[in-house]
Enquirer: 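Pasting a structure below so you can have a look.
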Amino acid sequence: PANERAEAARTLAMLGGDDVVEALAEALHDSESYVRVNASLSMAIAGKAKAVPHLVPLLGDDHSTVRAAAGRGLSKAGPTGIQALTDALADASALAREAAAQALVSVGKDAAAAAGALSGLVAGDKNVTVRVAAAEALGAIGGTYPALHAAVGGDESWRVRRTAAKSLGKLKDASAQGALVRLLGDSYKAARDAALGALDAVGWKPDGAVAEAMVRLAREDWKGVAMVGPPAIDLLGQTVTEKGVDKLSVERRVRAVEALEIIGENHGPSAKLGAVLTPCLADLGGPVRAAAARACGRVELKSAAENLLG
């Protein structure tokens, strides 16, 4: 039975030695994933470097638990295992690249030689989960990485932007402040929260009305943003141009329009305010269009309201 085979793998690990490694090798191909998991971990304990060539192929296993076990085993197999993980970052399989990067997180500073390859994955791998894992690994290694700066500012996936921001915070990379501040305007809350945490970690404090508005916008403190006044118009203008049609995205744009309305009521109409609100009258979200029409009427942006009426 499979449970007996798994237990046998654990027992063999306690014996150690090259013969044990060879005995466990067969279990690495077992049809049951949890037997392969136990064999992977047991082999690393028993054979260290001798286990490396047996574990590497499992980085591309169909089961995530097996991949994680193989990666963990390699991460504990000394320099030979770390080098194998580094080499696997160039594997043709995205599953193997991801597993290798994830395993290097636990290696930390001892994986410094892999930083170049990891940076390359963050910057150019087509697989989102690979980029996420690579960004996390860089944060564990230490140093300064332009690839993380670029990912925060331009990766198409919010998961990558979030992870890159978290890594920059962990690294306390003060040179990333500019990129992190821009991330405060991200359309995904998880990315904005990561930016806030990273900025706090590097000691950044908002300086001036625009910076204060960015922090409040990141926290979705809409009334607070409105209280900043006209300096917040451009930031709110970026928010209302977001294109998501899901409920949360539409609600976010409605709140931004309402903040613009408050600014108009408190400070009067302006060409800039009109330029930001008018396109909202054609928003894909009906609630946004309604909020924009109401705002234009209340702050006396008559030309915009007339455009809606036709």
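Residue numbers run from 1 in the order of the sequence given. Nothing here was measured: the structure is a model prediction, and the numbers come from that model.
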Enquirer: Kindly compute the distance separating CG (L74) from CG (L59), expressed to the nearest 0.5 Å.
Expert: 5.5 Å
Enquirer: With the side chain counted from C-beta on, respond yes when L138 and V122 share a heavy-atom pair under 4.5 Å apart, and no when they do not.
Expert: yes
Enquirer: In the hydrophobic clustering (ILVMFWY, side-chain contacts below 4.5 Å, transitive), which residues join L248, or is it alone?
Expert: none
Enquirer: Would you call E212-R216 a salt bridge at under 4.0 Å N-O?
Expert: yes
Enquirer: Measure across P146 and T144 and return the closest heavy-atom pair with its distance rounded to 0.1 Å.
Expert: CD-O, 3.8 Å
Enquirer: Around D207, counting heavy atoms of other residues, nucleotides and ligands shown, do more than 12 lie under 6.0 Å from its CG?
Expert: no
Enquirer: Any ring-ring contact (aromatic ring centres under 6.0 Å, His included) pairs touching residues 185-206, not counting sequence neighbours?
Expert: W158-Y188
Enquirer: I need the minimum non-hydrogen distance between L235 and A213, along with the two atoms involved.
Expert: CD1-CB, 3.6 Å
Enquirer: Salt-bridge test for R253 and E242: reply yes if a basic N is under 4.0 Å from a carboxylate O, no otherwise.
Expert: no
Enquirer: Looking at every non-hydrogen atom in both residues, tell me the closest pair between R192 and D186 and how far apart they are.
Expert: NH1-O, 2.8 Å
Enquirer: Quick check: does any side chain N or O of S167 sit under 3.5 Å from a backbone N or O of A164, one acting as donor and the other as acceptor?
Expert: no
Enquirer: Which pair of heavy atoms, one from S93 and one from G60, lies closest together, and at what distance?
Expert: OG-CA, 4.3 Å
Enquirer: Quick one: pull up SG in C296 and CG in L277 and give me the separation to the nearest 0.5 Å.
Expert: 5.0 Å
Enquirer: Would you call K272-D234 a salt bridge at under 4.0 Å N-O?
Expert: yes
Enquirer: Distance check, rounded to the nearest 0.5 Å: E220 atom CD versus D193 atom CG?
Expert: 8.5 Å
Enquirer: Keeping the roles fixed (side chain from T241, backbone from Q238), state whether a donor-acceptor pair exists under 3.5 Å.
Expert: yes
Enquirer: Considering all heavy atoms of both residues, which atom of A165 and which atom of V152 are nearest to each other, and what is their separation?
Expert: N-CG2, 3.6 Å
Enquirer: Among all residues two or more places apart in sequence or in another chain, which pass the salt bridge (charged side-chain N to carboxylate O under 4.0 Å, His left out) test with E261?
Expert: R298
Enquirer: So, does T86 use its side chain to make a donor-acceptor pair with the main chain of I82 at under 3.5 Å?
Expert: yes
Enquirer: Side-chain polar contacts of residues 102-115 - donor-acceptor pairs under 3.5 angstrom, sequence neighbours left out - could you list them?
Expert:
unit_1: Q102; atom_1: NE2; unit_2: E98; atom_2: OE2; d: 3.2
unit_1: S106; atom_1: OG; unit_2: A103; atom_2: O; d: 2.8

Enquirer: Working to the nearest 0.5 angstrom, can you tell me the gap between S249 OG and L284 CG?
Expert: 11.5 Å
Enquirer: Can you measure from NZ (K205) to CG (L199) and round to the nearest 0.5 angstrom?
Expert: 10.5 Å
Enquirer: Does one side chain, of Q83 or D87, offer a donor that lies under 3.5 Å from an acceptor on the other?
Expert: yes
Enquirer: Of all the heavy-atom pairs spanning G268 and L273, show the shortest one and how long it is.
Expert: O-CD2, 4.3 Å
Enquirer: Only counting residues at least two apart or in another chain, list the ones meeting salt bridge (charged side-chain N to carboxylate O under 4.0 Å, His left out) with R182.
Expert: none
Enquirer: Scan residues 248-283 for pairs that pass ring-ring contact (aromatic ring centres under 6.0 Å, His included), counting only residues two or more places apart or in two chains.
Expert: none
